[in-house]
Amino acid sequence: MRWDQLGRDDATAALFGTDAVTRRFDTPEFRGITFHEVRARSILNRVPGASRMPFEWTVNPYRGCSHACVYCFARRTHSYLDLDTGHDFDTQIVVKTNAAELLRRELAAPRWQGEHVAMGTNVDCYQRAEGRYQLMPGILAALRDRANPFSILTKGSLILRDLELVRQAARVTEVSIALSVGFLDGELWRSVEPGTPSPQTRLAVCRTLSENGIPSAVLMAPVLPFLSDSPEQLRATVRAIAAAGAGSITPLVLHLRPGAREWYMAWLARNHPHLVRRYEAMYAGGSYAPTWYQRRITRQVHEFAAEFGCGPARRTGFRQPEQPEQPEQPEQPPARPAGPPQQERVPAPRPPSEPGGTQLTLL
């Protein structure tokens, strides 16, 4: 653990020892969610060099996420806390209550060289809990006061609450903001991203940021095979993103890492059982869809983006996932493999195969 635990009379020993504070708020937006308030020992997290990410440092004021996206790659991290990667990830939220003061101290340390800080790379820093705990204003103020470059990736509309702080920071340092909007289908959104603002609300956030002089990118993620990947669906989503004033669009096909894979496949079996075998075939080789499929989606999205005057993403501070090398395959839906699925392996890093085809990690 990277935190000390609070000493309070109402503490419980449920998960983090006798000094952690566990709270439940009896309000509709927090019903069923448990918050574990802890005092972190460090807040600037160094990304391992072997990961080959385009940034080295992250700040994550929360663990677990009430967005409850069934595909979220970060689900596995909850297993490190002896919590399950399904329901517990959605409802057991760790809150680092001293995040802002700790960040201010670490940014002022002589060893800190002002490197880029990425936020929203694990769980969303503007998830529902932020409305209650309000950790981000202090974090943004600390970065602004040190003129430290940073980026934010979010599905949350709460970022507009901190619009003035973002504007102030952008006057003194490099600031990158990206919204995640994978599709427009309302029924699909309610099923697969039940705790998030609607896609239309996120696009309105993009528009507001742009109108206030803060260009924002859109991570079109995830593109869900057989659910949101038809040319008509892709074109409609790109058109809406472009109309919202996004500076760039980067598509990301669903990837299913351990922890997220089990939860997503269970959701698929309940809601779209006819697609289970097709997913088993498509993801038989590991966590990622086949290269031919990723390239097809990327090409289609970029063609639509060019049609509507919105280009591919420029290099930003957002996380680029490691992907395995895969042989070229015919551009057709995969057949169910005759033999047993290959054993899952840790993917090796690979560069993007096409200009503008970078795929970014989803919240």
Taking every non-hydrogen atom, the tightest pair across C310 and A246: SG-O, 3.2 Å
In terms of side-chain heavy atoms, does S230 have a donor or acceptor partner in Q233 at a distance below 3.5 Å? yes
Go through the structure and list residues passing side chain to side chain donor-acceptor pair (under 3.5 Å) with R104, not counting sequence neighbours. D145
Ring pair (Phe, Tyr, Trp, His ring centres under 6.0 Å) partners of residues 120-168, not counting sequence neighbours, each pair once: F35-Y133
So, Q92 and H78: side-chain donor and acceptor under 3.5 Å apart, yes or no? no
In short, salt bridge (Lys or Arg N to Asp or Glu O under 4.0 Å) pairs touching residues 190-202 with sequence neighbours left out are E193-R202
So which heavy atom on T237 is nearest to which on G182, and how close? CG2-O, 4.0 Å
Kindly say whether S66 contributes a backbone atom to a donor-acceptor pair with the side chain of Q127 at under 3.5 angstrom? yes
Run the salt bridge (Lys or Arg N to Asp or Glu O under 4.0 Å) test against E29 and tell me which residues pass, sequence neighbours left out. none
Return the set of residues passing side chain to side chain donor-acceptor pair (under 3.5 Å) with E130 (not counting sequence neighbours), or none when no residue passes. Y62, R161
The salt bridge (Lys or Arg N to Asp or Glu O under 4.0 Å) partners of R171 (sequence neighbours excluded) come to E164
With sequence neighbours left out, which residue pairs that include part of residues 64-76 fulfil the salt bridge (Lys or Arg N to Asp or Glu O under 4.0 Å) condition? R75-D90
Considering residues at least two apart in sequence or located in another chain, which fulfil the salt bridge (Lys or Arg N to Asp or Glu O under 4.0 Å) criterion with E115? none
When you compare the side chains of R24 and T34, does any donor N or O come within less than 3.5 Å of an acceptor on the partner? yes
Mind checking what makes side chain to side chain donor-acceptor pair (under 3.5 Å) contact with S191, not counting sequence neighbours? W267
Measure from NZ or CZ of R132 to the centre of the six-membered ring of F25, then state whether that distance is under 6.0 Å and the direction lies within 45° of the axis. yes
What residues form a ring-ring contact (aromatic ring centres under 6.0 Å, His included) with Y279, not counting sequence neighbours? F226, Y264, Y283
Kindly state each residue pair satisfying ring pair (Phe, Tyr, Trp, His ring centres under 6.0 Å) with at least one member in residues 165-203, sequence neighbours excluded. none
Give the intermediate values and the outcome of salt bridge (charged side-chain N to carboxylate O under 4.0 Å, His left out) for residues E307 and R235. CA-CA 9 Å; E307 176 186 351; R235 188 175 188 274; 2.3 Å; yes
Between side-chain atoms of residues 209-218 and protein atoms elsewhere (two or more places apart, or another chain), which donor-acceptor pairs fall under 3.5 Å?
unit_1	atom_1	unit_2	atom_2	d
N212	ND2	T208	O	2.8

